Structure formats: C-alpha cells, structure tokens
**Q** 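Structure below; questions to follow.
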2 protein chains.
Amino acid sequence: MQKTIAEQGSDLRMAVFRLSRRLRAQKADDGMSDGQFAVLAALYVDGAHTLTGLAERERVSAPSMNRTVNCLQDSGYVERSADPDDGRKTNISLTDAGTSIVSETVTKRDAWLTARVKDLPKEDRGVLARAVELMEEIVSH
Amino acid sequence: MQKTIAEQGSDLRMAVFRLSRRLRAQKADDGMSDGQFAVLAALYVDGAHTLTGLAERERVSAPSMNRTVNCLQDSGYVERSADPDDGRKTNISLTDAGTSIVSETVTKRDAWLTARVKDLPKEDRGVLARAVELMEEIVSH
DNA sequence: TATTGTTATACTCTATAACTATA
DNA sequence: TATAGTTATAGAGTATAACAATA
C-alpha cells in the first residue's frame, strides 16, 4: 500500500508537531512560558536586541513583547540599558542568570532526546541525520 | 567528521523546532484556533468521543474542552447526543459541515509542505517517511 | 512627521472550584 | 460515594489604540 505524496506530507507535519510539543515540554524552569524562553534563546544566540527587534523576530506585537520582557526582567533573566546613540532605543540583554537558565534548559531538552536517539540502531540514526538535512532544506526554501 | 550522538540529538531538536515553527506559520485562516481544529481532527480520525474523553486526549481540563466544544457546536461543526446507556454521558460527533471543514483545512495546511516534499528525489522521500516512523517511536516512549 | 517604547483596555484560552444529574 | 458534564470565576498571554519621548 503506497502512500501518496500528500499523505507523506501530512504524516511529516503530524510527526514534527508531536515531537516538537514533546520536546517543548522539557523545560528547566517550570514557571517560564514558551514565549519567555524563546526570547531568552534569541538573546543567547544573537546577542542584545531592541524591544521592536524582539517583537518582530518572535512575531508578536510590541506591547506583548514589552510584557514578556518585563516578566523576564522581574525574574532577573534580562536587563535593559539605554542605547548610547539613539535615546529612543532600549537594548535588552541576558544577565548571567539568564545565560545560565538557557544553557540548563537546552541541556535538559537535549538530554531527553539524546537518550532516545542513543537507543536506536546505527542505521536509524543515519536516517534521522539525513532527515535533519532534508528538514533544514525544506525550511530554508 | 563524525558527529556525536548528543550532537545528532541537538541537530534533530533544532530541525524539528524550525520546521514546526514554519508549518505553524502556514495558518488555516478560517477563524478556527489550533485547539478547536485538534478536536475536529480527533473526531474525524477516531469517531465520537465523550467530553471527558476529548479533554484527556487533548490534555486540557474538562471545562476548557466544554468551551471549545460549545464554540464548535455554535459553528455547526459538531453535535451533542445523549448516550443511550449512560445518562451522564454526552456523545460528541462531527456534523457534515464538520467533516468537510476538516478535509479542507488539512488540504490547506499540508499544501505548503507537500509542495516541498514533492520536489525531493524519491530516495529522500523514503528517508523522510522512515524518519516519521522513528519520530513517532521516540515520542511514544 | 516618523519611530521607539510604554500604558490602558479588552478578548481568547486556560485553569480550579463548585454545582447538577446520574450510576 | 463516584463520575460526567456544566457554570462561575480568575489568571496568563495576546491584540489594538493612544500616549510620551526622541530622531
């Protein structure tokens, strides 16, 4: 019984959503929402951002991002500093505590997945490695 | 250059997150939330459910599911009927309109991904199909 | 004037607690 | 008593509109 390409696409979508949901559930700080963690991860990967920059990157409104940043600031994970060149801008960056929580969460998320990948036959790990390349290709198109 | 298993896990996590984000951005544009659509899809795949059954399946509280079902009922996509054997239960099932909207939405949501899968060589589609099985296995563990 | 950040306000989705009907 | 469904109410997270400060 051969599946159609449309069915293969549908299967891939469902598998990716399920695995993504499961991975996202592995968090280091239970009080932090996905949106909050996404902001910390963006700052971790690409350094300081303005509020508008973060809002555009995460595709939420500026007031919504302002609220998220306020929460992270209250938790001590980010800090605001005035931009020396443009008085309207505020640079938002990770504190040491913010950097730590990102590393911890990434490690924890990877630990769960790595434990499951480790138990697969070598051949299956090869399939996943190639699938990763294909998914990257699909996303970048 | 051989990657470690931990690096493979990390690569897989990032690829899944990116593809998931990209797929979610291909929104259905029909005023229906993800939660509402998930309920229709569950009824479509597995037939009628009770309210509690739906709540457990989607991992939300019963009141939350009750509200979702109320919205879907108001939209004419599902209907409630008394269970003949147990007066406490209500069976929730798709209407004809509900069945139609599921097919339409699935087609629309998958169109983007299917178009990209279609352009891959046959071997690569085989890799993705096997990767889907592996991801399902990983999630169910 | 345009842009950046912020406050005010409202809507959606979620949860817990409490109530009703039935087993 | 226990279970299924529902209602009441509250807490996140989101959005648009409006405002202040700066370019």
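Remember, it's a predicted structure, so these values are computed and weren't measured experimentally. Every chain is numbered from 1, with letters handed out A, B, ... down the list of sequences.
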**Q** Quick one: CG on B/Leu134 to CZ on A/Arg125, what's the gap to the nearest 0.5 Å?
**A** 11.5 Å

**Q** Expressed in angstrom and rounded to an integer, what is the separation of B/Glu56 atom CD from C/dA15 atom C1'?
**A** 16 Å

**Q** Can you tell me how far the CZ atom of B/Arg22 sits from the CD1 atom of A/Ile138, to the nearest 0.5 Å?
**A** 10.5 Å

**Q** Between CG of B/Leu94 and OH of B/Tyr44, what distance do you get to the nearest 0.5 Å?
**A** 9.0 Å

**Q** Please give me every residue in residues 80-91 of chain A whose heavy atoms get under 4.0 Å of an atom in DNA chain C, ordered by residue number.
**A**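 Those residues whose heavy atoms fall under 4.0 Å from DNA chain C, taken from residues 80-91 of chain A in numerical order, are A/Arg80, A/Arg88, A/Lys89, A/Thr90.
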
**Q** Does some side-chain heavy atom of A/Arg13 sit less than 4.5 Å from a side-chain heavy atom of B/Val106?
**A** yes

**Q** In plain terms, say whether B/Asp83 and B/Arg88 are close enough for a salt bridge, that is, a side-chain N and a carboxylate O under 4.0 Å apart.
**A**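 No.
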
**Q** Going by the side-chain contact (heavy atoms from CB on, under 4.5 Å) test, name the single residue among A/Thr68, A/Ile92, A/Leu54 that passes it with A/Val78.
**A** A/Ile92

**Q** A/Glu58 near the nucleic acid: base, sugar-phosphate alone, or nothing, with a heavy-atom cut-off under 4.0 Å?
**A**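 Answer is nothing: A/Glu58 stays at 4.0 Å or more from every strand.
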
**Q** Does some side-chain heavy atom of B/Asp119 sit less than 4.5 Å from a side-chain heavy atom of A/His141?
**A**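 A/His141 does not reach B/Asp119 side chain to side chain.
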
**Q** Does A/Thr52 have a side-chain nitrogen or oxygen under 4.0 Å from the phosphate oxygens OP1 or OP2 of C/dG5?
**A**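 Indeed, a polar side-chain atom of A/Thr52 lies that close.
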
**Q** Any side-chain heavy atom of A/Met14 within less than 4.5 Å of one from A/Asp11?
**A**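 A/Met14 reaches A/Asp11 side chain to side chain.
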
**Q** With side-chain contact (heavy atoms from CB on, under 4.5 Å) as the test, pick out the partner of B/Arg80 among B/Asn91, B/Asn70, B/Thr50.
**A**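 The side-chain contact (heavy atoms from CB on, under 4.5 Å) with B/Arg80 is passed solely by B/Asn70 among B/Asn91, B/Asn70, B/Thr50.
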
**Q** Identify the 5'-most and 3'-most nucleotides of DNA chain D with at least one atom closer than 4.0 Å to a non-hydrogen atom of chain A.
**A** D/dG13 to D/dA23

**Q** Strictly below 4.0 Å, heavy-atom distances to any atom of DNA chain D: list the hits from residues 60-72 of chain A, or just say none.
**A**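 Contacts with DNA chain D under 4.0 Å: A/Val60, A/Ser61, A/Pro63, A/Ser64, A/Arg67, A/Thr68.
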
**Q** Distance under 6.0 Å and angle within 45° of the ring axis: does A/Arg109 meet both against A/Trp112?
**A**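 No cation-pi geometry.
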
